[in-house]
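Note sheet for the following structure.
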Amino acid sequence: MDIATEYKLPVNEIFATLQGEATFAGTPSVFIRLQGCDVACSWCDTKHTWELNPKTFNNDFAVITVKEQDKESWSYVKDTELVDYIQTNFSYITHIVITGGEPAQYNLVPLCIKLEQLGKTIQIETSGTEELRISKETWVTLSPKINMPGNKKLIQASINRANEIKMPIGKIADIDKLKQFIIDYKIAKQIPIWLQALSQNPTATKLCIEQAMLHNWKLSVQTHKYLNIR
Ligand code: SF4
C-alpha cells in the first residue's frame, strides 16, 4: 500500500471539547474517535464503535463531522483530510486526542507526524492490548483491560510506553486487579496511576477516593459527563 496516497483510518467522529479525564483534564482538545475494537468490555460506553460494519459505513466524511450523538456510522478518511479538517475548523486547538474504539489497532505514525508538524500535541487512549504505532512524542494514556470477554492479552511493550495509567474502577476487586497489574507489568513508581469510577457511580467514586488516599494514587473524574458536554 502506498501510505502517501492510500493511508486511511476508519473514523467514527471528530469533534472539539474539553478533555475530561486524567492529566489533560480541562484541556481544549480535538477528539478523533476511530472505529473498531475487539476487547469487548461489558461496561463499555462506546459500544457503537466496536464493529467495522459495512452496513453502517458512510462514504461521506462530512456526515461523520456533524454527529451530535453516538451513532455507529463511520467513514474511511485519509490522514491528510483529517489534518485539513482540523486546521480548517479547529486550528486554534493544539491538543489532539486519538481515541476509540481501540485506536492502537491502526498505524497512527503518519497522522501523528503530520499533526506534530503543525505544532499539535497528540494523546492516544488505549487498552494496552495492541502494539503501539505512534510518534515518539505521543502521550499514552493506558487503561489496562484485563481478562475482558474479547480475551485480548496485555502487551508489555505497550504498557512500558504508557505515560499514565487510568484504571476503571467499579468494585474492590478492580483495586486488587490494579495492584496485581502494577506488580506483574513492573509499573515504574513515577507513572501516575489514575482511578476512574465506572459510569460516575457514587459508590465506585467513594471507593476511588478512599483508595487514592490510601495508595497515593490520583482520582480521575469524568468532568465532561458532570458538565454535560461531549
Ligand atoms: S477497550 Fe475501550 S472501546 Fe474497547 S470495549 Fe473496552 S472500553 Fe470499549
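Just the heavy atoms: all of them, side chains too, but no hydrogens, waters or symmetry mates, feed the values below.
For the pair Lys166 and Trp194, the NZ or CZ position fails the cation-pi test of under 6.0 Å to the six-membered ring centre and within 45 degrees of the ring normal.
Partners of Lys120 according to the side chain to side chain donor-acceptor pair (under 3.5 Å) rule, which considers only residues two or more places apart in sequence or in another chain, are Gln87. By the salt bridge (Lys or Arg N to Asp or Glu O under 4.0 Å) test, Asp184 pairs with no residue at all, sequence neighbours left out. For Gln19, the side chain to side chain donor-acceptor pair (under 3.5 Å) partners at least two apart in sequence or on another chain are Gln123, Glu125. When the salt bridge (Lys or Arg N to Asp or Glu O under 4.0 Å) test is applied to Arg230, the partners found at least two apart in sequence or on another chain are Glu13. By the side chain to side chain donor-acceptor pair (under 3.5 Å) test, Ser75 is found to be paired with no residue, residues two or more places apart in sequence or in another chain being considered. The salt bridge (Lys or Arg N to Asp or Glu O under 4.0 Å) test applied to Glu210 returns Lys206, not counting sequence neighbours. Partners of Lys152 by side-chain contact (heavy atoms from CB on, under 4.5 Å), not counting sequence neighbours, listed by chain and number: Asp38, Val39, Thr129, Glu130.
With rounding to the nearest 0.5 angstrom, the SG atom of Cys112 is 10.0 Å from the CG atom of Asp79. If you take CD on Gln117 and OG on Ser135, they are separated by 10.5 Å, rounding to the nearest 0.5 Å. With rounding to the nearest 0.5 angstrom, the CG atom of Leu178 is 8.5 Å from the CD1 atom of Ile165. Once rounded to the nearest 0.5 Å, the distance linking CD1 of Ile134 with CD1 of Ile98 reads 8.5 Å. For the atom pair CD1 of Ile175 and CG of Leu207, the computed distance is 5.0 Å after rounding to the nearest 0.5 Å. Here the CG-CE distance, from Leu195 to Met167, works out to 9.0 Å after rounding to the nearest 0.5 Å.
Across all their heavy atoms, Ile191 and Ala162 have their closest contact at CD1-O, 3.4 Å. A pairwise comparison of heavy atoms in Gly26 and Leu18 identifies O-CD2, 3.6 Å as the closest pair. Taking all atoms of both residues into account, the shortest heavy-atom contact from Ser158 to Gly128 is CB-O, 4.4 Å. Residue Glu164 comes nearest to Ala22 through the heavy atom pair OE1-CB, 3.5 Å, listed as atom of the first residue, atom of the second, then distance. A pairwise comparison of heavy atoms in Ala25 and Gly20 identifies CB-O, 3.8 Å as the closest pair.
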*Checking side chain to side chain contact (heavy atoms under 4.5 Å, CB included) for the pair Leu52/Trp74: CA distance, chi angles, key distance, verdict?*
CA-CA 8 Å; Leu52 289 171; Trp74 59 282; 3.9 Å; yes
_Let's go through Val140 and Thr126 carefully: what are the C-alpha distance in whole Å and the side-chain angles of both, what is the deciding distance for side chain to side chain contact (heavy atoms under 4.5 Å, CB included) to 0.1 Å, and is it a yes or a no?_
CA-CA 7 Å; Val140 176; Thr126 181; 4.0 Å; yes
*Apply the test side chain to side chain contact (heavy atoms under 4.5 Å, CB included) to residues Ile32 and Ile96: give CA-CA distance (whole Å), side-chain angles for both, the deciding distance (0.1 Å), then the verdict.*
CA-CA 7 Å; Ile32 303 172; Ile96 313 293; 3.8 Å; yes
*In sequence, state the C-alpha distance, the side-chain angles, and the governing distance for Ile122 and Trp139, and then conclude on side chain to side chain contact (heavy atoms under 4.5 Å, CB included).*
CA-CA 6 Å; Ile122 320 283; Trp139 177 274; over 6 Å; no
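Following chains of ILVMFWY side-chain contacts shorter than 4.5 Å, one cannot reach Phe15 starting from Ile93, and the two form parts of different hydrophobic clusters. No chain of hydrophobic side-chain contacts below 4.5 Å, direct or via other Ile, Leu, Val, Met, Phe, Trp or Tyr residues, connects Val97 to Val83. Cluster annotation: Ile193 is connected to Ile172 through the hydrophobic network of ILVMFWY side chains, with a link wherever side-chain heavy atoms come within less than 4.5 Å. The hydrophobic cluster containing Leu142 also contains Ile124, counting ILVMFWY residues as joined when their side-chain heavy atoms lie under 4.5 angstrom apart, directly or transitively. At a threshold of 4.5 Å between side-chain heavy atoms, the hydrophobic network of Ile, Leu, Val, Met, Phe, Trp and Tyr places Val109 and Leu82 in two separate groups.
For the pair Lys145 and Ser143, the minimum side-chain heavy-atom distance is below 4.5 Å. Annotation: side chain of Ser29 is not in contact with side chain of Thr17 (no heavy-atom distance under 4.5 Å). Met148 places a side-chain heavy atom less than 4.5 Å from the side chain of Cys41. Side-chain atoms of Ile14 and Val30, non-hydrogen and from C-beta on, do get closer than 4.5 Å to each other. Counting only heavy atoms from C-beta outward, the side chains of Tyr226 and Val221 approach each other to under 4.5 Å. Within the 4.5 Å cutoff, no side-chain heavy atoms of Thr121 are placed close to those of Glu137. A 4.5 Å side-chain heavy-atom check between Val77 and Leu9 finds every atom pair outside the cut-off. Side-chain contact between Leu108 and Arg133 is absent, with no heavy-atom pair separated by less than 4.5 Å.
Residues in residues 81-109 take part in no salt bridge (Lys or Arg N to Asp or Glu O under 4.0 Å) pair, two or more places apart or across chains. Within the structure, every pair that satisfies the ring pair (Phe, Tyr, Trp, His ring centres under 6.0 Å) test and touches residues 153-187, not counting sequence neighbours, is listed here: Phe181-Tyr185. The list of ring pair (Phe, Tyr, Trp, His ring centres under 6.0 Å) pairs with a residue in residues 142-165, not counting sequence neighbours, is empty. Identified under the side chain to side chain donor-acceptor pair (under 3.5 Å) test for residues 39-53, with sequence neighbours left out: Asp45-Lys225.
For Asp174 (side chain) and Lys171 (main-chain N/O), a donor-acceptor pair under 3.5 Å exists by modelled atom type. Between the side chain of Glu21 and the backbone N or O of Thr223, no donor-acceptor pair lies under 3.5 Å. Between the side chain of Arg161 and the backbone N or O of Lys136 there is at least one donor-acceptor pair closer than 3.5 Å. Proximity of a side-chain donor or acceptor of Tyr7 to a complementary backbone N or O of Asn107 within less than 3.5 Å is detected. For the pair Thr205 (side chain) and Asn201 (backbone), a donor-acceptor distance under 3.5 Å is present.
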Table please: side-chain donor-acceptor pairs of residues 58-67 below 3.5 Å, with sequence neighbours left out.
from, atom 1, to, atom 2, distance (Å)
Asn58, OD1, Asp60, N, 2.9
Asp60, OD1, Ala62, N, 3.0
Thr65, OG1, Ala62, O, 2.6
Lys67, NZ, Asn12, O, 2.6
Lys67, NZ, Asn12, OD1, 3.2
Lys67, NZ, Lys71, O, 3.1
Lys67, NZ, Ser73, O, 2.6
Lys67, NZ, Ser73, OG, 3.4

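A donor and an acceptor atom, one from each side chain of Asn160 and Gln156, are located under 3.5 Å apart.
Few gaps surround NZ on Lys177; more than 12 heavy atoms of other groups in view lie less than 6.0 Å from it.
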